[in-house]
There are 2 protein chains.
Amino acid sequence: MERIDVCLIALRRILRATELHGKELAQSAGLTPVQLRVVQILAESGTSTGGAIAKRMHVAPATITAMIDKLQRSGHVARQPSHIDRRQTLIALTDKGREALKRAPDALQQRFAAEFEALDDWEQAMIVAVLERVAVMLDAGDADRGAVLYPGDL
Amino acid sequence: MERIDVCLIALRRILRATELHGKELAQSAGLTPVQLRVVQILAESGTSTGGAIAKRMHVAPATITAMIDKLQRSGHVARQPSHIDRRQTLIALTDKGREALKRAPDALQQRFAAEFEALDDWEQAMIVAVLERVAVMLDAGDADRGAVLYPGDL
DNA sequence: GTCTTTCGTTCGACTAACTAAACATAGATC
DNA sequence: GATCTATGTTTAGTTAGTCGAACGAAAGAC
């Protein structure tokens with residue numbers, strides 16, 4: 001078997017193992033999986049507009065409006081009108097939103113951390129290096145995906 | 001910053017980069033994300049009962065029944081009564097289901113493969129080793145999660 | 001041979017996610 | 001200033017996923 005295949009299989013196993021908990025992860029944060037992704041995106045970008053989020057998630061703007069409505073009602077995000085362009089509505093995390101994010105990763109953290117700490121020093125170092133490498137490889141592949149049509153534009 | 005933190009951050013980046021495409025991955029297979037997971041589970045276990053799938057996905061049996069109904073109508077899976085225990089309904093992938101699976105991973109594959117092939121030999125070897133290691137760590141953490149209550153049992 | 005448990009299913013119902021289309025408002029262009 | 005374009009929203013509707021409860025049939029216990 002080719003090395004690349006072994007790699008991909010391992011990657012898929014990693015994905016599956018964690019994806020399994022995507023739902024639980026979100027629930028532990030008091031959110032739905034999709035809502036958690038919105039919150040994660042906001043955490044990265046600091047403040048964003050609805051349209052930007054829509055593009056990143058590959059959904060129609062109307063979908064984001066509905067989603068932000070819910071997150072606003074639950075107190076996780078806040079809308080504030082933009083002063084530079086008054087058509088835009090800026091969306092930002094509230095403290096509650098940031099707290100939810102902190103609670104979310106615990107499941108993954110706890111599962112991985114215990115085993116990781118038990119490893120030899122050199123092995124830990126190697127894992128860190130490789131995971132970073134792979135992350136960069138995948139992130140890079142993601143970069144050219146910024147401008148994408150809405151599903152409805154197809 | 002602790003090494004474990006670097007690790008977790010990298011892991012989350014990997015997850016996010018690929019998770020982003022969970023939907024597209026499924027769509028390229030002509031399935032919804034949840035349906036794809038059912039198909040994946042069936043591909044692993046060969047043949048399974050509804051209850052087993054329900055437990056693995058942490059959902060109620062009724063949910064699986066509905067899902068299998070859809071997958072059966074679309075021709076991806078087939079039901080066959082069990083001869084050993086006639087209460088059970090065995091569920092198996094059809095050829096169409098297996099084909100769908102083959103189409104699904106292409107997106108991830110193509111993105112990762114190109115960059116991977118360009119790496120030095122020793123680096124490839126290291127990545128393979130580490131990814132396998134991490135996969136085992138996460139799979140193992142998953143193993144003791146076999147017997148879980150239905151959501152409704154809580 | 002009854003009693004209990006297990007298995008999948010049906011039914012009715014709810015929620016989340018998502019969309020297209022129409023709309024109001026605000027920049028941009030000329 | 002009139003026209004085009006971009007932005008977010010409302011509305012009305014769809015689809016997928018999910019569940020609890022009730023159910024029938026089969027297996028297991030005793």
Side-chain angles (χ1 to χ4, degrees), chain A residues 19 22-24 26-27 29-39 41 47-74 76-92 147-154, chain B residues 22-24 26-27 29-39 47-74 76-92 147-154:
Chain A
E19 206 177 289
K23 209 192 312 174
E24 297 163 38
Q27 280 170 354
L31 299 168
T32 67
V34 182
Q35 283 173 352
L36 179 58
R37 257 198 64 207
V38 174
V39 170
I41 288 175
T47 291
S48 184
T49 68
I53 301 176
K55 272 174 199 154
R56 269 188 82 165
M57 294 186 59
H58 307 263
V59 296
T63 307
I64 295 300
T65 297
M67 221 121 73
I68 298 300
D69 283 350
K70 279 182 201 164
L71 285 170
Q72 193 175 26
R73 244 169 306 177
S74 62
H76 291 98
V77 309
R79 281 190 172 93
Q80 54 185 172
S82 164
H83 294 300
I84 3 171
D85 184 339
R86 281 181 302 182
R87 291 169 304 181
Q88 293 183 330
T89 311
L90 296 179
I91 300 152
V148 175
L149 299 174
Y150 298 146
D153 290 344
L154 298 175
Chain B
K23 208 193 312 173
E24 297 163 37
Q27 280 171 354
L31 299 169
T32 67
V34 183
Q35 285 173 350
L36 178 58
R37 259 201 61 212
V38 174
V39 171
T47 292
S48 183
T49 68
I53 301 177
K55 273 175 198 153
R56 271 188 79 165
M57 295 185 59
H58 307 262
V59 296
T63 307
I64 295 299
T65 298
M67 222 122 70
I68 298 300
D69 283 349
K70 278 181 201 164
L71 284 171
Q72 194 175 25
R73 243 169 305 172
S74 62
H76 291 98
V77 308
R79 281 187 172 95
Q80 54 185 172
S82 164
H83 295 300
I84 6 172
D85 184 339
R86 280 182 302 181
R87 291 168 303 179
Q88 292 184 331
T89 312
L90 296 179
I91 300 152
V148 175
L149 299 173
Y150 300 145
D153 290 341
L154 300 174

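In what follows, every chain begins at residue 1, and chains take the letters A, B, ... in the order their sequences are listed. Treat the numbers as computed from the prediction; the structure is a model and nothing was measured.
Nearest nucleotide to the B/Val34 side chain, out of D/dG8, D/dT18, D/dC19: D/dT18. The listed nucleotides are C/dA17, C/dT9, C/dA26; the one nearest the side chain of B/Pro61 is C/dT9. Comparing D/dG17, D/dT9, D/dA27 against the side chain of A/Arg79 picks out D/dT9 as the nearest. Closest to the side chain of B/Met67, from the set C/dA17, D/dG17, C/dT9, is D/dG17. Proximity note for A/Lys70 (side chain, C-beta onward) versus C/dT19, C/dA17, D/dG8: the nearest is C/dA17. Listed nucleotides: D/dC19, C/dT5, C/dG8. Nearest to the side chain of B/Ala62: D/dC19. In the set D/dA26, D/dA16, D/dT9, the nucleotide with an atom closest to the side chain of B/Thr32 is D/dA16. If you check D/dC19, C/dG27, C/dA21 against the side chain of B/Val59, the one that comes closest is D/dC19.
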### Query
Which is it for A/Leu71 and A/Leu31 under the side chain to side chain contact (heavy atoms under 4.5 Å, CB included) test, yes or no, and what are the steps along the way?
CA-CA 9 Å; A/Leu71 285 170; A/Leu31 299 168; 3.9 Å; yes

#### Entry: Residues A/Met67, A/Ile64; criterion side chain to side chain contact (heavy atoms under 4.5 Å, CB included); working and verdict
CA-CA 5 Å; A/Met67 221 121 73; A/Ile64 295 300; 4.0 Å; yes

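Computed from coordinates, the A/Ile53 CD1 to C/dC18 P distance equals 13 Å when rounded to whole Å. Put simply, CG on B/Asp69 is 11 Å from P on C/dC11, counting in whole angstrom units. As rounded to whole Å, 16 Å separates atom P of C/dT25 from atom CG of A/Asp85.
In this structure, B/Thr49 and B/Lys55 have side chains that are not in contact, with every pair of non-hydrogen atoms separated by 4.5 Å or more. Here the side chains of B/His83 and B/Leu90 are not in contact, with every heavy-atom distance at 4.5 Å or above. B/Val34 has its side chain within reach of B/Met57: a pair of non-hydrogen atoms, C-beta onward, lies under 4.5 Å apart.
When each of A/Ile64 and A/Ser82 is assigned the nucleotide of DNA chain C bearing its nearest heavy atom, the one mapping closer to the 5' terminus is A/Ile64. Mapped onto DNA chain C by nearest heavy atom, A/Arg86 and B/Thr89 fall at different nucleotides, with B/Thr89 at the one closer to the 5' end.
Not one side-chain nitrogen or oxygen of B/Thr65 sits closer than 4.0 Å to the OP1 or OP2 atom of C/dT10.
Base contact: B/Thr63 has a heavy atom under 4.0 Å from a base atom. Residue-level contact check: B/Ala66 touches the bases, meaning some heavy atom is under 4.0 Å from a base atom.
Evaluation of atom-type donor-acceptor distances gives a pair under 3.5 Å for the side chain of B/Arg87 against the base of C/dT6.
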